[in-house]
Amino acid sequence: MEREKMGGPVEAPLEAILEEERVFPPPPQFREQANVRDPQVYQEAERDPEGFWERWARELTWFQPWEKVLEWDPPWAKWFVGGKTNLAYNCLDRHLMGPRRNKAAIIWEGEPGEVRILTYWELYRQVCRFANALKALGVRKGDRVTIYMPMVPEAAVAMLACARIGAVHSVVFAGFTADALRDRIQDAQAKVLVTAEGLWRRGNILPLKEYADQALEACPTVEKVVVFHRGCKEKEQVPMRRGRDIWWDEAIASAALQCPPEEMDAEDMLYILYTSGTTGKPKGVVHTTGGYMVGIYATTQWVFDIKEGDTYWCTADIGWVTGHSYVIYGPLLCGATTLMYEGAPDWPQRDRWWSIIERHGVTILYTAPTAIRTFMRWGEEWPGRHDLSSLRLLGTVGEPINPEAWVWYWRHIGGGRCPVVDTWWQTETGMIMITPLPGITHCKPGSATLPFPGVRAEVVDERGQPVPPGAGGYLVLTRPWPAMLRVLYGDPERYKVQYWSRFPGVYFTGDGARRDQDGYFWIVGRIDDVVNVSGHRIGTMEVESILVEHPAVAEAAVVGRSHEVKGQALWAFVTLRDDVVAGPSLEEELREHVSKRIGAFARPDRVIFTPELPKTRSGKIMRRLLRDIAEGRALGDVTTLQDPEVVRSLKEQYEHIEGG
Ligand code: PRX
């Protein structure tokens, strides 16, 4: 019988656990074997943060040591100044000397069911060959390579090959369509695009190469396109532009097997990753080599408690930062086995993930609260059909997790046996920043708990003063950290203004938070015009600018609204041009328009037509009011509005939607 596991009996009703506000200490068996057990690590790191990071850096291979750990001239940081290294070397070559040579580096499962296992040696060989192929296509150190790929091992190979030769990769999530891809290629001025003819999703094909071809009509910098054959279509059915396009297997056919790693300065650019901001234009977050490597190495060791025998599965797509840091680089730096799955969780049935865990013996699972809430809705009979006893640690990331979902995950997936680490971080931070350490921290469901050792965070008010326990405020980071972004690509001014101006010398996260009496952080969510839909960050301005491109639309305002499964959903308020008539088919057309232009994940849940948007007398759209309307909240003072009547009619529409 299940008894007295972490935090008490597993049978206790969910409501009772939530009501008690139970704290979950590390289970004793876990604590005993944990990579970090001594709470002193916090004080030690606090006494000498640079020394703390330096100790981690020494565990990795450097071709030349650094002269100085940190040079901090706010907001400009340099870490491991003068050090020379190579990230791909540290992920691969470093492990080939010992028993990891023949260990599984990547276990991959395709949606149709194929399984491939690449050992460290095999992955190393493939990376070297593809690195040479890229060189043969003219790629040199510093050149940008855009990667627009399904979740296949070759996506990891392409990233590592770039890192090996010092090319800067820019991975674009395969859920984006042609226009979003085009904008990102143009901004990065990429020389080469790596893609596939398609990817599988619920048995259907997403035609990546078609989108790529559309995007490339307006991307003159791209000289070559490498196409990996995923097997969605026959090669003959895929149009290849002569002189520009080349199949992956042809590109590597004559490539040499040896490829010496480029000696990279610690501050040489490693990658660009685009993320949504508060304007219509996505931001190219720039990460560099040395500090990023050290930051994700340290956090993977301590947050995920990685051990030689683990099979670690982070379900993120490589198109997001979690896929960069904790599907590929973090686990490979640690010499771990990382699992990649290509497809949907409900294909062919709703137990696909649990079947994967059972068959591959996954020990660590890292996923998003949205996924957990979806599984809750599908019911525990799906995980119940499988043996999940290999699991020993669970993690979440990407959005606030509600305590109900946390406890459900702990109980039905972790069997009440596994610590749950709720990790807060961002594309910009590169690494996990606020998180439990699973062998030390007493967790409270819904709280990301405490900053990682050496990291300093605060919750402050408008003037930058720390707020008292329990009070809400802005989440800021008050000390540089090694994996921090260095700049926004091509836009140093925006970097300064966006992150470092509201409180000079302090990093502004864009999130709201509070701390409790124990100093634990509770993240509330974005406080800017960014919405977090199923863990995907979407700028409302981005969606608005796409809506107003539609010939029927005069004006649009997009807001986030809480959603039971997705965390937040997009609602668009739209005024139409004079001659256009509103109706359900137009609503569907506009939702589809956004989906086609950005990607299905950005499709608004609702489009609400209104003769006018609520504006202040000075003509500013009142988003707060629209958010209140979308949430069905009582509306405050509307007397500053240009036309208070607008609000009444919108409220009526809302009631109609909710009622019907
Ligand atoms: O609002 C926070 C939320 O996700 C944002 C960062 O999104 P992105 O750059 O796409 O990176 C996601 C994966 C690291 C944050 O500003 N967020 C992320 N993790 C958490 C979170 N909110 C609450 N709790 C978390 N654990």
Side-chain angles (χ1 to χ4, degrees), residues 171-173 175-176 271-278 282-287 292 295-296 299-300 303 314-327 329-330 366-373 394-403 405-406 409 420-436 441 443-452 455 457 459 474-477 483-485 488 498-499 507-515 520-539 542 560 562 566-568 601-602:
V171 182
V172 177
F173 174 50
F176 280 114
Y271 67 74
I272 306 170
L273 183 55
Y274 287 90
T275 187
S276 293
T278 45
K283 303 185 282 196
V285 168
V286 170
H287 284 292
Y292 176 80
I296 56 170
T299 46
T300 308
V303 177
C314 165
T315 64
D317 192 280
I318 45 136
W320 309 110
V321 73
T322 310
H324 286 58
S325 297
Y326 299 110
V327 174
Y329 291 126
Y366 187 35
T367 192
T370 300
I372 298 166
R373 288 190 294 261
L394 303 174
T396 74
V397 59
E399 45 175 332
I401 183 162
N402 45 316
W406 195 104
Y409 191 36
V420 177
V421 289
D422 171 2
T423 63
W424 177 90
W425 58 295
Q426 306 179 303
T427 306
E428 292 87 342
T429 69
M431 63 183 229
I432 292 170
M433 300 296 280
I434 302 181
T435 176
T441 312
C443 292
K444 302 181 191 180
S447 168
T449 73
L450 298 166
F452 191 80
V455 170
V459 179
Y474 301 108
L475 179 66
V476 296
L477 302 168
M484 64 195 276
L485 81 164
L488 292 176
Q498 181 85 54
Y499 303 109
Y507 174 86
F508 177 63
T509 63
D511 277 355
R514 65 186 166 78
R515 292 180 86 170
Y520 279 35
F521 286 77
W522 297 76
I523 315 294
V524 180
R526 305 290 309 191
I527 43 129
D528 52 8
D529 291 325
V530 172
V531 179
N532 194 329
V533 179
S534 302
H536 300 324
R537 213 164 123 175
I538 302 169
E542 241 171 300
S562 48
K566 298 194 269 192
Q568 281 187 294
F601 64 94

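Numbering of ligands and ligand atoms starts at 1, following listing order.
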- Please work out which of the three classes, parallel, tilted or perpendicular, describes the rings of F601 and W320, given edges at 30° and 60°. perpendicular

- Message: Evaluate T423 against Y366 for side-chain hydrogen bond (donor to acceptor under 3.5 Å, both in side chains), listing each step before the verdict.
- Response: CA-CA 10 Å; T423 63; Y366 187 35; 2.6 Å; yes

- Item | Residues E399, T370; criterion side-chain hydrogen bond (donor to acceptor under 3.5 Å, both in side chains); working and verdict | CA-CA 8 Å; E399 45 175 332; T370 300; 2.2 Å; yes

- Between atom CD of E428 and atom OG1 of T275, what is the distance when rounded to the nearest 0.5 Å? 5.5 Å

- Candidate list Y329, Y292, Y271, test ring-ring contact (aromatic ring centres under 6.0 Å, His included), partner H324, passing option: Y271

- Item | Ring centroid separation F452 to W425 under 6.0 Å | no

Distance dump, ligand 1 polar atoms to protein, N/O, under 3.5 Å:
residue: ligand 1; atom: 1 (O); partner: D511; partner atom: OD1; Å: 2.8
residue: ligand 1; atom: 1 (O); partner: D511; partner atom: OD2; Å: 3.0
residue: ligand 1; atom: 4 (O); partner: G398; partner atom: O; Å: 3.2
residue: ligand 1; atom: 4 (O); partner: N532; partner atom: ND2; Å: 3.4
residue: ligand 1; atom: 9 (O); partner: T427; partner atom: N; Å: 2.8
residue: ligand 1; atom: 9 (O); partner: T427; partner atom: OG1; Å: 2.6
residue: ligand 1; atom: 9 (O); partner: R537; partner atom: NH1; Å: 2.6
residue: ligand 1; atom: 16 (O); partner: Q426; partner atom: NE2; Å: 2.9
residue: ligand 1; atom: 16 (O); partner: D511; partner atom: OD1; Å: 3.1
residue: ligand 1; atom: 16 (O); partner: D511; partner atom: OD2; Å: 2.9
residue: ligand 1; atom: 16 (O); partner: R526; partner atom: NH1; Å: 2.8
residue: ligand 1; atom: 17 (N); partner: G398; partner atom: O; Å: 3.4
residue: ligand 1; atom: 19 (N); partner: G398; partner atom: N; Å: 3.1
residue: ligand 1; atom: 22 (N); partner: P400; partner atom: N; Å: 3.4
residue: ligand 1; atom: 24 (N); partner: E399; partner atom: O; Å: 3.4
residue: ligand 1; atom: 26 (N); partner: D422; partner atom: OD1; Å: 2.7
residue: ligand 1; atom: 26 (N); partner: T423; partner atom: O; Å: 2.7

